[in-house]
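Just below is one structure, and these are the notes that go with it.
Within every chain, numbering begins at 1; the chains are lettered A, B, ... in the order of the sequence lines, protein sequences first and strands thereafter. Just so you know, these numbers come straight off a predicted model, no measurement behind them.
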Protein chains: 2
Amino acid sequence: MDESPRYRPLYQQVYDVLVKQIAAGEWGPGESLPSEQALAGRLNVSQGTVRKALDALAADNLIDRRQGKGTYVAEHTQERALFRFFRMARPGGGRALPTSTGETLKRRAARPADAAKLALEPGAEVYELNRVRLIDGEPAVLEKIVLPAALFAGFERFERHDTLPNALYALYQREYGLNIVSAQEELRADTARKDDCRRLKLAPGASLLHIDRVAISLEGTRVEWRASRCDTSRFVYAVTLS
Amino acid sequence: MDESPRYRPLYQQVYDVLVKQIAAGEWGPGESLPSEQALAGRLNVSQGTVRKALDALAADNLIDRRQGKGTYVAEHTQERALFRFFRMARPGGGRALPTSTGETLKRRAARPADAAKLALEPGAEVYELNRVRLIDGEPAVLEKIVLPAALFAGFERFERHDTLPNALYALYQREYGLNIVSAQEELRADTARKDDCRRLKLAPGASLLHIDRVAISLEGTRVEWRASRCDTSRFVYAVTLS
DNA sequence: GAGTGGTCTAGACCACGCA
DNA sequence: GCGTGGTCTAGACCACTCT
């Protein structure tokens with residue numbers, strides 16, 4: 001390991017190197033990294049230092065470590081990604097599993113709100129995906145998903161043949177090499193508009209939960225803005241603070 | 001260290017021992033623990049094992065470690081506790097600082113809803129504290145706080161002389177030895193009732209954000225149920241998922 | 001300078017998955 | 001039985017804080 005001008009612990013340098021290699025696709029989602037010994041040899045540090053870097057990567061959900069097997073690049077699978085970022089649950093605890101329907105996709109110029117949320121340049125284009133998410137077969141959430149066209153070239157091809165999966169982040173990862181590692185959410189209460197009432201089967205004037213989410217990739221890029229409007233009469237937004 | 005019947009790593013056993021000692025008040029909030037060397041000697045394990053346990057305690061926010069100084073029992077200070085559990089913020093990022101006013105306190109029998117949230121026995125009593133929280137001097141949140149009377153003996157004495165601090169968790173810790181380490185929150189949208197409108201200065205029929213929080217102590221006890229009704233026209237509930 | 005936590009190393013052994 | 005990650009140890013040295 002070369003030392004950088006200002007001091008940075010060795011294990012953090014190893015962490016950075018591995019993040020870059022994962023981001024560059026050196027090992028694809030679900031693939032295994034070299035063993036601790038092999039990495040230590042390649043990077044010319046001790047196994048203990050590599051271990052500390054790998055432990056940090058595992059804590060940040062970038063890799064999976066399995067005793068006796070090896071270390072794997074974390075994958076956004078159906079169950080995993082859904083439970084990680086989809087926070088709607090039954091009151092009292094039980095998790096709720098959503099399905100999706102009624103997708104519509106269009107490409108358009110970015111509006112000021114899009115540019116602000118996604119840090120876009122003037123004149124940028126975006127894809128806008130709208131869909132309804134069902135829980136127990138009943139409409140529960142309206143989602144508007146905005147993606148920078150520059151990052152999602154040719155996204156139209158996923159509209160046909162119902163190829164849009166329920167968990168989009170697996171698709172971002174697999175098709176575009178964009179690993180979503182965190183999301184900033186802002187929640188507020190809002191009053192249902194006519195369109196909300198029609199699509200969610202709400203009474204006029206009902207209250208609903210509006211969530212703005214900006215999803216951040218491994219490299220720190222704002223990859224997605226998702227506005228969700230949720231009927232919270234049957235399900236709640238559940239989160240644990242610690 | 002004695003080994004337990006079923007296998008548990010040494011450093012986790014050390015973790016458990018230290019949690020118990022902190023919970024028992026062996027070292028009070030803000031006080032320093034013995035040095036790593038001293039703990040290693042006392043528990044008859046290596047310094048590295050103690051270090052791993054202390055790192056885990058620090059990750060769980062139970063202790064603070066300061067290089068060159070020592071290891072301290074984490075304290076619920078004003079700024080810290082407020083930012084940790086109070087999630088209201090200005091849209092786009094800036095944090096919001098609340099103040100409190102209009103406290104009223106009463107002692108009463110627990111109702112079914114209280115018993116369910118706090119896992120109380122039939123016939124238990126609770127304290128109910130109501131207050132308004134202001135942001136920038138304007139009412140923004142109505143809070144109803146329910147505490148098991150069994151855990152908070154003589155809580156009435158804090159009602160007089162405006163002795164109720166803005167950050168209650170510091171008081172729970174200092175006066176009752178109850179360390180709040182996590183909180184489970186459930187959010188939903190609701191329509192403002194007459195009383196909400198009056199106290200929050202809302203228009204009739206406005207939507208507001210209802211938050212049910214159950215706070216959990218170091219020992220795993222449900223210590224507090226807090227129902228907050230928030231005006232989200234100026235501020236939002238902000239959370240980062242990762 | 002003394003004492004603390006933070007980093008880094010080297011090596012032994014354990015628990016697990018698989019062939 | 002081999003290779004993997006997980007635990008535990010011992011010791012050297014570094015960075016920080018206070019006296």
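Donor-acceptor pairing under 3.5 Å is recorded for the side chains of A/N166 and A/S100. Side-chain atoms of B/E219 and B/S217 form a donor-acceptor pair, as typed in the model, at a separation below 3.5 Å. For the 3.5 Å distance criterion, the side chains of A/S35 and A/Q37 fail to qualify, holding no donor opposite an acceptor. Side-chain polar atoms of A/D60 and A/Y15 form a donor-acceptor pair below 3.5 angstrom.
Protein atom CD of A/Q12 is 11 Å distant from nucleotide atom C1' of C/dG6, rounded to whole Å. Rounded to whole angstrom, the span from the CG atom of A/L10 across to the P atom of D/dA15 amounts to 12 Å. Between A/Y11 atom OH and C/dG5 atom C1' there is a gap of 12 Å when expressed in whole angstrom units. B/Y7 has its OH atom 15 Å from the P atom of C/dC13, to the nearest Å.
Residues from residues 46-71 of chain A with heavy atoms under 4.0 angstrom of DNA chain D, sorted by number: A/R51, A/R65, A/R66, A/Q67, A/G68, A/K69, A/G70, A/T71. Within residues 30-39 of chain B, the residues having any heavy atom closer than 4.0 Å to DNA chain C are, in order of number, B/S35, B/E36.
Contacts classified as salt bridge (Lys or Arg N to Asp or Glu O under 4.0 Å) and involving residues 17-42 of chain B (residues at least two apart or in different chains) are given here: B/E36-B/R51, B/E36-B/R65.
Between A/R95 and A/A89, the closest heavy-atom pair is NH1-CB, 3.8 Å.
In this structure, OH on A/Y72 lies 14.0 Å from CH2 on A/W27, to the nearest 0.5 angstrom.
Using cut-offs of 30° and 60° for the angle between ring planes, the A/H76 and A/Y169 rings count as perpendicular.
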